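Since the model is a prediction, treat every value here as computed from it, not as a measurement. Counting starts at 1 for both ligands and their atoms, in listed order.
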Amino acid sequence: MVDSADLAVRTLGPCRIDSPLAPRLGARETTQHSVVEEDRILFDDTLSMAGARGVPLEQLPSLEPGGPRKKIYFDPAKTRVGIVTCGGLCPGLNDVIRGLVLELSRHYGVRRIVGFRNGYRGFIPEFGEDVLDLTPEVVMHIDDEGGTILGTSRGKQDPEAIVDALERLNINILFVIGGDGTIRGAMDVVRVVEERGLKVAVIGIPKTIDNDIPYIDQSFGFQTAMSEATKSIHAASVEARSAPGGIGLVKLMGRHSGFIACYSTLAKDDADYVLIPEVPFALDGERGFLEHLRQRVQERGHAVVVVAEGAGQEHVEGEEPGRDASGNVRFGDIGRLLRKRIIEHLDARGVENNVRYFDPSYAIRSVPANPYDSAYCLRLAHAAVHAAMAGRTEVIVARRRRRFVHIPMGLAVSRRNHVDPLGDLWMSVLEATGQPVRFE
Ligand SMILES: Nc1ncnc2c1ncn2[C@@H]1O[C@H](COP(=O)(O)OP(=O)(O)O)[C@@H](O)[C@H]1O
Ligand SMILES: O=P(O)(O)OC[C@H]1O[C@](O)(COP(=O)(O)O)[C@@H](O)[C@@H]1O
Ligand SMILES: [Mg+2]
């Protein structure tokens, strides 16, 4: 259970410098549209959860609000900033980089901003990566392209060497744009910064198309990625409806979470089945998936199946793809397994079938952000700059229940965000597809 200690935000010290944005903050007060910096945002949002704490109102766990402060910690004229992007691609990475540079330059007057290339390896001399000077002119139109102008990578790097690079370049603010692994790497950097008694702020902007980062509404880029995924689901539906016994089968990314599969199905209500990592399913047997699919195809003449890449791994044992450079599990190919098993099952029963397999894989994450995610990325970048200039560290900036907040990194990596099989989202998917609650 999350408590107040989990939500405490670390700071480098008192804020004594007038913020350039202070004149804009004078008349503000806490409303449903804004929160003043002295206020806090309740963590629990139902009476039952708040009541279960059994503590007075002021002791309920609460989050520090994001947004500009009247006073800041860093002197903009003496501030040098580093930016790094790590892990898998996600629509909006360039939007975040652009937003950070424009906010730092235009509103705080920070002039020295560098980008580290290819993830954390950009700090390590052996990789010979030069840094990239980031100015408004350099970043102005980078949001038109997917990917990241800095490049990215996976694989743990030595935090001591990373902090050596920060010291060599006199960097006192580091923005890390990445997912769970990146945030863990940032925590290692914070530890070394403290051991050396340095005053360096490390702020995370949570990134992943998987939406597997907890305690936030949705990670940036997720909406764009799931929108891209709907194109494959629609194509699968067209193929399935255009052939006797047509079956469209779509495999989608998402790692150990089924959010992309769920939302892209709800958006393009063409799927008859959604299979996700969070809900096991039996393939065989009278109540298994294959038999149910056979009946659906014989009744309707076609069907669409959406499967998340991490689903049904118990059916692809023996394929030992191992782990990637960051230690993330690599999955057996559930898409190809399902394709094979569906054809075998229907052929054996003399049921005509034409299976069309779609694996959009990287196509959903290498596109530019849609306008919604672009706006979201810009606001996240603004919040990250405000947090850093106010001397916060070891936090990610996030939107939680429509409010921008500071979430300690330790909490952000304490668990993974999953589709709750008993939650509203999965209920909606079952209602949309009409599939049984369980295949067993
Ligand atoms: N457990 C960890 N501890 C420290 N650093 C990590 C850890 N896992 C990953 N990293 C660092 O974070 C980077 C990205 O992590 P990864 O899990 O691949 O992607 P993402 O952060 O997008 O989920 C890796 O290049 C690695 O340097
Ligand atoms: O980019 P790689 O190494 O092929 O890994 C693919 C994985 O990256 C992702 O696209 C995004 O993962 P991260 O955001 O955690 O990096 C996953 O959905 C997918 O399983
Ligand atoms: Mg990740």
Side-chain angles (χ1 to χ4, degrees), residues 84-93 96 116-124 127 129 146-148 150-163 165 174-192 202 204-214 216 218-222 224-226 228-229 251-264 276-277 307-311 313 321-335 359-367 394 396 409-410 412-419:
V84 66
T85 56
C86 305
L89 290 189
C90 180
L93 279 166
V96 176
F116 290 92
R117 292 186 188 278
N118 294 326
Y120 285 131
R121 68 171 64 179
F123 296 83
I124 312 300
F127 288 100
E129 302 280 10
T148 158
L150 298 179
T152 182
S153 69
R154 298 188 190 279
K156 216 159 142 53
Q157 304 300 337
D158 176 7
E160 298 285 350
I162 293 173
V163 179
L174 176 64
F175 293 107
V176 298
I177 309 170
D180 51 341
T182 305
I183 295 165
R184 286 191 187 90
M187 292 173 72
D188 292 345
V189 168
V190 169
R191 179 176 46 73
V192 174
V202 182
I205 297 98
K207 165 243 60 158
T208 180
I209 62 167
D210 304 338
N211 195 40
D212 62 4
I213 296 164
I216 70 176
Q218 231 166 45
S219 44
F220 78 78
F222 168 78
T224 301
M226 80 91 179
E228 282 302 303
K251 184 180 81 167
L252 297 173
M253 283 183 160
R255 239 189 245 291
H256 303 285
S257 302
F259 290 104
I260 297 175
C262 287
Y263 275 97
S264 54
I276 61 174
V307 59
E309 62 176 345
Q313 290 301 298
R323 291 175 179 267
D324 69 15
S326 296
N328 297 302
V329 167
R330 279 212 175 91
F331 295 116
D333 192 334
I334 186 64
D359 179 358
S361 78
Y362 297 98
I364 71 169
R365 71 178 207 184
S366 48
V367 293
E394 203 170 19
I396 62 168
M409 287 184 176
V413 297
S414 61
R415 66 179 184 83
R416 189 181 290 127
N417 192 28
H418 285 294
V419 175

Which residue supplies the protein heavy atom nearest to [atom], what is that atom called, and how far is it?
atom	value
atom 2 (C) of ligand 1	Arg184 CB, 3.7 Å
atom 16 (O) of ligand 2	Gly88 N, 2.7 Å
atom 14 (C) of ligand 1	Thr182 OG1, 3.3 Å
atom 6 (C) of ligand 1	Gly181 O, 3.3 Å
atom 26 (C) of ligand 1	Gly155 O, 3.1 Å
atom 19 (O) of ligand 1	Arg154 NH1, 3.2 Å
atom 14 (O) of ligand 2	Thr208 OG1, 2.8 Å
atom 3 (O) of ligand 2	Arg154 NE, 2.8 Å
atom 5 (N) of ligand 1	Gly185 CA, 3.2 Å
atom 19 (C) of ligand 2	Glu309 OE2, 3.4 Å
atom 10 (O) of ligand 2	Arg365 NH1, 2.7 Å
atom 20 (P) of ligand 1	Gly179 N, 3.5 Å
atom 23 (O) of ligand 1	Asp180 OD1, 2.6 Å

Atoms named by residue and atom, protein N, O or S, within reach of the Mg ion (ligand 3) (under 2.8 Å):
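Under 2.8 Å from the Mg ion (ligand 3) - ignoring waters, which are not counted - the protein N, O or S atoms are Asp180 OD1.
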
Any Gln218 side-chain heavy atom under 4.5 Å of Phe259 side chain:
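A side-chain contact is absent here, since even the closest heavy-atom pair is not under 4.5 Å.
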
Asn328-ligand 1 polar pair, N/O distance under 3.5 Å
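Yes; the residue has a nitrogen or oxygen that sits under 3.5 Å from a nitrogen or oxygen of the ligand.
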
Can you find an N/O atom of Ser326 closer than 3.5 Å to an N/O atom of ligand 1?
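Yes, at least one N or O pair falls under 3.5 Å.
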
If you measure from [atom1] on [X] to [atom2] on [Y], what distance do you get to the nearest 0.5 Å?
X	Y	atom1	atom2	result
Ile213	Ile183	CD1	CD1	4.5 Å
Ile334	Gln313	CD1	CD	6.5 Å
Asn118	Thr152	CG	OG1	7.5 Å
Ile177	Thr85	CD1	OG1	6.0 Å
Arg154	Thr182	CZ	OG1	8.0 Å
Leu252	Ile364	CG	CD1	5.5 Å

Heavy atoms only: give me the nearest Leu93-Gly147 pair and the separation to one decimal.
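Closest approach of Leu93 to Gly147, heavy atoms only: CB-O, 3.5 Å.
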
Taking 4.0 Å as the limit for heavy-atom contacts, which would you say applies to Asp188 with ligand 1: side chain only, backbone only, both, or neither?
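Contact part for Asp188 vs ligand 1: side chain (C-beta onward).
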
Between Asp324 and ligand 1, find which residue part has any heavy-atom pair under 4.0 Å and reply side chain, backbone, both or neither.
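Neither; no heavy atom under 4.0 Å.
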
Counting from 1, what ligand 2 atoms have a heavy atom of Lys207 closer than 4.0 Å?
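Those qualifying, in numeric order: 13 (P), 14 (O), 16 (O).
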
Quick one: which ligand 2 atoms are inside 4.0 Å of a heavy atom on Gly254?
18 (O)

Which atoms of ligand 1 sit under 4.0 Å from any heavy atom of Lys207?
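It comes down to these atoms of ligand 1: 22 (O).
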
In ligand 1, which numbered atoms sit nearer than 4.0 Å to a non-hydrogen atom of Lys156?
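With Lys156 as reference, the close atoms of ligand 1 come out as 3 (N), 4 (C), 5 (N), 26 (C), 27 (O).
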
Parallel, tilted or perpendicular, as decided by the 30° and 60° cut-offs, for the rings of Tyr263 and Phe222:
perpendicular

Hey, does the side chain of [X] reach the backbone of [Y] with a donor-acceptor pair shorter than 3.5 angstrom?
X	Y	value
Lys207	Val176	no
Glu228	Met226	no
His256	Gly310	no
Ser257	Asp212	no
Tyr120	Pro159	no
Thr148	Leu150	yes
Glu394	Val202	no
Glu160	Val192	no

Would you please determine whether Gly87 falls within less than 4.0 Å of ligand 2 on a heavy-atom basis?
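Contact check Gly87 vs ligand 2: positive.
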
Cys90 touching ligand 2 at heavy-atom level, < 4.0 angstrom:
no

Touching ligand 1 at all, Arg121? Heavy atoms, strictly under 4.0 Å?
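No heavy atom of Arg121 comes that close to ligand 1.
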
Contact between Gly327 and ligand 1, counting heavy atoms under 4.0 Å?
no

How does Tyr362 reach ligand 2, if at all, at less than 4.0 Å between non-hydrogen atoms: by side chain, backbone, both, or neither?
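Side chain only.
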
Heavy-atom contacts under 4.0 Å between Asp210 and ligand 2: side chain, backbone, both, or neither?
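It is the side chain that touches ligand 2; the backbone stays farther off.
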
Do NZ/NE/NH1/NH2 and the carboxylate oxygens of Asp324 and Arg330 come within less than 4.0 Å?
no

Is the shortest side-chain N to carboxylate O distance from Asp188 to Lys156 below 4.0 Å?
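Counted as a salt bridge, because a side-chain N and a carboxylate O are separated by less than 4.0 Å.
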
